[in-house]
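Reading through the structure tokens given below for one structure.
Start at 1 with the first residue, then count along the sequence.
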Amino acid sequence: MTNEQDWKQEQERLDQVTEKLQARIEQLEPEVAGLRNQANDIRKRFWEEVTVNTGSHEDFEETVHSISQQEALLSDRERSYRMRQQQWRSVNRLLPSPYFGRIDFNENGMGFTEQIYIGVSSFVDADGMSFLIYDWRTPIASMYYDYSPGTADYDTPGGRITGQMELKRQYQIRGGKLQNVFDTSVTIGDELLQQVLGKGADPQMKSIVATIQKEQNAIIRNDNNRMLIVQGAAGSGKTSAALQRVAYLLYKHRERLKADQIVLFSPNPMFNSYVSTVLPELGEENMQQTTFQEYLVYGIGKGMQLEDPFDQIEYVLNEQSTQAYEARLQAIAYKASEAYLQALRNYANWLGREGMKFHSIRLRDRDLITAEQIKAQFYNYDPSIRLANRVTLLQEWLLKQLTGLERQEQDADWVEEEINYLDKDQYAAIDKELRDDRSIFEFSRVYEELRERNSNKVRRDEGDFDYAEQEEEMLRRMLVKEYFAPLRRSVKRMKFIDVVGLYTQLFDGTDVYAAMTGETEVPKLWEAICEQTKEKLSRRELFYEDATPFLYMKELVEGNRMSTEVRHVFVDEGQDYSMFQYEFLKRLFPRARMTVLGDLGQAIFTQATELYGAQSPLIQLYGESETSLIRLVRSYRSTREIVAFTKSLLIGAQEIIPFDRGGEKPLLLQVESSGQLASRVAEQLAALRAEGYDSIAVITKTAAESSEVYELLQAQNCPSLRLVTKQTPTFEKGTLVIPAYLAKGVEFDAVIIYDASSKTYYRESERKLFYTACTRAMHRLVLCAAGEWTPFLAQADDSLYELR
């Protein structure tokens with residue numbers, strides 16, 4: 001805390017800055033309104049101000065020049081309006097809390113100390129030279145996060161600046177009034193962070209710029225490596241730091257990087273809603289947000305039905321007793337492996353020599369070009385040409401073939417029959433099109449051809465045509481063209497390739513697979529895997545573990561689909577991505593840098609990936625020299641007591657350090673039968689709400705269990721109850737019933753684990769799912785069980801929890 005004199009000076013300084021902010025708002029408001037009105041007025045009167053005359057070449061040039069002038073004027077007004085509006089929003093954003101930190105820095109050789117106040121954006125005094133507030137992303141502000149008072153430095157485009165930090169101070173300001181002032185010798189004082197972390201959970205993630213820790217700042221400002229891996233414990237601020245990193249990159253590279261050149265792959269659609277306000281809160285546009293599943297659906301197209309990762313995990317958790325279960329588990333592991341990735345590359349090479357599959361191009365239930373003809377043409381090309389390039393040559397050949405076949409088809413008997421069945425409205429429409437000025441050039445060309453062939457049957461009369469026979473020729477041409485149009489579209493979309501057949505033939509048996517891929521080491525239950533996969537493909541469906549390999553093979557054959565505009569890719573919950581998926585992302589975004597956030601302790605999917613180490617696909621893809629690892633071991637989300645308890649659930653979690661925020665021990669409630677669980681949970685929900693918690697999650701193991709529990713709790717008259725499914729679009733406050741895998745990445749004031757018994761959680765493979773569920777709690781954690789407790793609690797010391 002500061003003394004009374006310091007407090008008075010700080011409040012006076014705050015009052016002065018607030019007054020200048022208000023003055024700037026008053027200055028900008030009429031400017032913004034005026035420019036907006038000017039732009040709207042120009043837009044409305046655009047054509048009134050343009051001279052349109054195309055009578056001569058000179059008139060046409062003058063018209064073009066007039067339009068260009070008006071466009072330039074409109075563009076200038078709109079650009080000025082956007083700039084002023086951005087300034088106005090920035091100042092308004094600062095007004096309630098202009099800054100959150102201050103450092104006093106004496107640069108070596110300068111002979112004076114500068115007071116540097118730090119906020120969410122910069123604010124310059126009226127003279128245009130004096131910074132009243134520095135944006136937290138400026139180089140000089142980095143010292144606030146990285147240093148204690150003493151020797152400090154920061155990097156600038158002109159080199160490193162060194163000096164002495166004489167003071168570090170933190171503020172809490174609300175409504176232009178000082179609430180708290182802290183002087184500290186560490187990055188963020190415990191008092192301020194305690195207050196921030198002690199608040200309730202929000203339905204949307206908030207900016208953390210006022211409480212960024214040193215290790216998080218290293219993530220935010222890393223701009224050297226193509227691959228940045230953030231390995232962080234649950235609640236360590238991985239995602240928060242990543243979003244501030246996006247804001248930092250947009251600020252630092254604002255001249256050449258736009259928000260739509262950054263893509264975030266998030267774990268589920270609800271998570272997109274949860275993080276959607278962070279960047280706008282910092283004055284930046286949101287980056288592109290999607291899930292990997294959404295991209296797979298887009299890439300594979302509407303012709304196939306894809307299983308999603310949540311259906312896959314439901315299968316893994318629920319179907320242990322089925323005969324096909326073990327084969328499916330082996331398939332999930334193998335199809336995510338580097339061995340399968342290499343097998344598909346070898347398969348593409350094999351297809352260059354033999355085995356390609358094509359669809360015949362058919363018209364009216366007959367083959368125009370047979371699959372055998374297409375295949376013969378394909379293998380007629382020089383085998384040294386890449387597979388995808390040969391497919392492109394084949395595509396061009398097919399389009400030329402269709403052009404010739406279209407001309408021939410005009411004389412077919414079926415065309416005349418179709419013409420005879422045209423109704424009056426169709427005739428009238430065709431006649432109008434024939435006479436339309438937009439068709440005059442085509443009509444004139446056809447007319448000249450017909451005149452040469454039928455000179456004794458064609459006559460012109462006052463600019464119109466008497467064209468009974470000529471009309472039939474045109475009708476034939478137009479009708480056949482209409483039939484051939486979808487064939488051309490199909491060829492352009494590569495639909496002549498039997499992609500499903502190509503993927504299916506991989507599963508024709510062990511010997512065939514080995515011959516095509518060179519892969520002899522396959523899972524023990526490979527024959528059963530083949531049967532499962534082919535049965536699924538026969539219904540034009542894909543297991544989730546097949547979706548990425550299918551799309552990868554498709555692009556090996558048809559050519560890569562790349563996005564060269566994207567410069568940064570962020571992957572959240574990165575431990576849940578396979579080798580295959582990382583290879584695919586690198587191919588998809590060849591010019592992008594990647595930031596991967598993950599925690600192996602929360603690797604709940606079967607195809608979990610080691611992010612850093614000898615087996616890391618990220619290091620294999622990008623190399624050690626291009627890869628940087630930052631570890632976050634301090635957990636900020638949960639209380640000290642909850643972290644101590646959850647650490648005991650996970651093998652190898654002892655390195656996790658809790659932030660020193662105290663609370664109640666986790667509560668363990670045991671009942672005799674499952675029929676008593678709902679009433680006991682309802683009692684706990686009422687008690688937690690009475691304590692003021694308004695963000696509570698009842699976490700179950702599966703979606704099926706969530707639906708059942710939701711019905712049971714509704715019968716107990718629990719208020720504000722919502723069931724969360726994989727289709728839930730937004731994260732909201734209230735009491736949520738949610739499966740554990742959908743709760744990843746979000747946090748709640750209080751969490752109730754509905755059934756932590758050995759009946760529900762008993763397999764070792766479910767330990768991380770259980771750990772993930774427990775680590776969602778910020779302030780209170782309650783575990784209920786019908787009967788014997790899960791074996792995961794066996795190594796938890798009884799001093800870590802309260803048992804009732």
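- Salt bridge status for Lys726 with Glu314: absent, with no side-chain N to carboxylate O gap under 4.0 Å.
- Residues Trp414 and Ile419 form no side-chain contact, since every pair of their non-hydrogen atoms from C-beta on lies 4.5 Å or further apart.
- Taking the charged nitrogens against the carboxylate oxygens, Glu565 and Arg591 have no contact shorter than 4.0 Å, which rules out a salt bridge.
- Closest approach of Ile529 and Ala327 over heavy atoms only: CG1-O, 3.4 Å.
- One finds the CD atom of Gln289 at 10.0 Å from the CD atom of Glu294 (value rounded to the nearest 0.5 Å).
- Looking only at distances, no side-chain donor or acceptor of Gln305 sits under 3.5 Å from a matching main-chain atom of Arg540.
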For Ile497 and Leu502, what are the C-alpha separation, side-chain angles and deciding distance, and is it a side chain to side chain contact (heavy atoms under 4.5 Å, CB included)? CA-CA 9 Å; Ile497 303 172; Leu502 289 175; 3.9 Å; yes
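- If you take CD1 on Ile262 and NE2 on His568, they are separated by 6.0 Å, rounding to the nearest 0.5 Å.
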Does the pair Val297 and Ile300 meet the rule for a side chain to side chain contact (heavy atoms under 4.5 Å, CB included), with working shown? CA-CA 5 Å; Val297 171; Ile300 292 174; over 6 Å; no
Apply side chain to side chain contact (heavy atoms under 4.5 Å, CB included) to Met270 and Thr730, showing your working. CA-CA 5 Å; Met270 186 177 71; Thr730 59; 5.8 Å; no
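- Nearest approach of Arg561 to Tyr295, heavy atoms of both residues: CD-OH, 3.6 Å.
- Closest of all the heavy-atom pairs between Gly355 and Tyr379 is N-OH, 3.3 Å.
- Within the 3.5 Å criterion, the main-chain N or O of Pro269 finds no donor-acceptor partner in the side chain of Ser273.
- In terms of modelled atom types and a separation under 3.5 Å, the side chain of Tyr622 and the main chain of Pro617 share no donor-acceptor contact.
- A donor-acceptor pair under 3.5 Å is formed between the side chain of Lys586 and the backbone N or O of Leu621.
- Side-chain atoms of Thr517 and Tyr340, non-hydrogen and from C-beta on, never get closer than 4.5 Å to each other.
- Between Tyr483 and Val415 there is no side-chain heavy-atom pair separated by less than 4.5 Å.
- The one candidate from Phe605, Tyr298, Tyr577 that meets the ring pair (Phe, Tyr, Trp, His ring centres under 6.0 Å) condition with Phe292 is Tyr577.
- Side-chain N or O atoms of Arg567 include none that pairs as donor or acceptor with a backbone N or O of Ala592 at under 3.5 Å.
- Proximity of a side-chain donor or acceptor of Ser360 to a complementary backbone N or O of Arg362 within less than 3.5 Å is not detected.
- In terms of modelled atom types and a separation under 3.5 Å, the side chain of Asn560 and the main chain of Met562 share no donor-acceptor contact.
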Assess whether side chain to side chain donor-acceptor pair (under 3.5 Å) is satisfied between Gln312 and Glu545, documenting all intermediate values. CA-CA 8 Å; Gln312 185 197 71; Glu545 61 267 23; 2.9 Å; yes
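- A distance of 12.0 Å separates OH of Tyr347 from CG of Asn349, quoted to the nearest 0.5 Å.
- One finds no salt bridge joining Arg254 and Glu284 here, because no Lys/Arg side-chain nitrogen approaches an Asp/Glu carboxylate oxygen to under 4.0 Å.
- The shortest distance between side-chain heavy atoms of Gln505 and Leu351 falls below 4.5 Å.
- Taking all atoms of both residues into account, the shortest heavy-atom contact from Trp350 to Ala515 is CD1-O, 3.9 Å.
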Residues Arg390, Asp382; criterion side chain to side chain contact (heavy atoms under 4.5 Å, CB included); working and verdict: CA-CA 8 Å; Arg390 274 189 277 170; Asp382 185 343; over 6 Å; no
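- Using a 4.0 Å cut-off between a side-chain N of Lys or Arg and a carboxylate O of Asp or Glu, Arg386 and Glu558 do not qualify as a salt bridge.
- When all heavy atoms are compared, the tightest approach of Tyr544 to Leu296 is CE1-CD1, 4.1 Å.
- Between Trp397 and Tyr381, the gap from one ring centroid to the other reaches at least 6.0 Å.
- Geometrically, Lys335 does not engage Phe580 in a cation-pi contact, judged by NZ or CZ lying under 6.0 Å from the ring centre and within 45° of the ring axis.
- In Glu482, the CD atom is not crowded: 12 or fewer heavy atoms of neighbouring residues, nucleotides or ligands sit closer than 6.0 Å.
- A salt bridge links Asp508 with Lys534: at least one charged nitrogen is closer than 4.0 Å to a carboxylate oxygen.
- The shortest side-chain heavy-atom distance between Glu372 and Phe358 does not fall under the 4.5 Å cut-off.
- Using modelled atom types, one side-chain atom of Thr504 and one backbone atom of Val500 make a donor-acceptor pair closer than 3.5 Å.
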Assess whether salt bridge (charged side-chain N to carboxylate O under 4.0 Å, His left out) is satisfied between Glu307 and Arg328, documenting all intermediate values. CA-CA 14 Å; Glu307 179 187 55; Arg328 179 78 193 276; 2.7 Å; yes
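- For Phe265 and Phe570, the distance between ring centers is not under 6.0 angstrom.
- The two residues Asp572 and Pro267 make their nearest non-hydrogen contact at CB-CD, 4.2 Å.
- Atom CD of Glu527 sits in a crowded spot, with more than 12 heavy atoms from other residues, nucleotides or ligands closer than 6.0 Å.
- Screening Arg477, Arg488, Lys400, Lys481 against Glu406 for a salt bridge (charged side-chain N to carboxylate O under 4.0 Å, His left out) leaves a single residue, Arg488.
- The distance from atom CE of Met304 to atom CG of Leu542, rounded to the nearest 0.5 Å, is 3.5 Å.
- With a 6.0 Å radius and a threshold of 12 heavy atoms from other residues, nucleotides or ligands, Lys536 has its NZ atom above the threshold.
- Ion pairing between Lys258 and Glu285 fails under the 4.0 Å rule for side-chain N and carboxylate O.
- In this structure, Arg364 and Glu418 have side chains that are in contact, with non-hydrogen atoms separated by less than 4.5 Å.
- Here the CG atom belonging to Asn268 is positioned 12.0 Å from the OH atom belonging to Tyr274, to the nearest 0.5 angstrom.
- At least one side-chain heavy atom of Val391 sits less than 4.5 Å from a side-chain heavy atom of Phe378.
- Although no hydrogens or angles enter the test, the distance criterion places no donor-acceptor pair under 3.5 Å between the side chain of Gln288 and the main chain of Gln261.
- Here the side chain of Asn286 pairs a donor or acceptor atom with the backbone of Ser276 at under 3.5 angstrom.
- Atom NE2 of His359 and atom CD1 of Ile369 lie 14.5 Å apart (nearest 0.5 Å).
- Residues Arg587 and Leu556 have side chains in contact (heavy-atom distance under 4.5 Å, counting atoms from C-beta outward).
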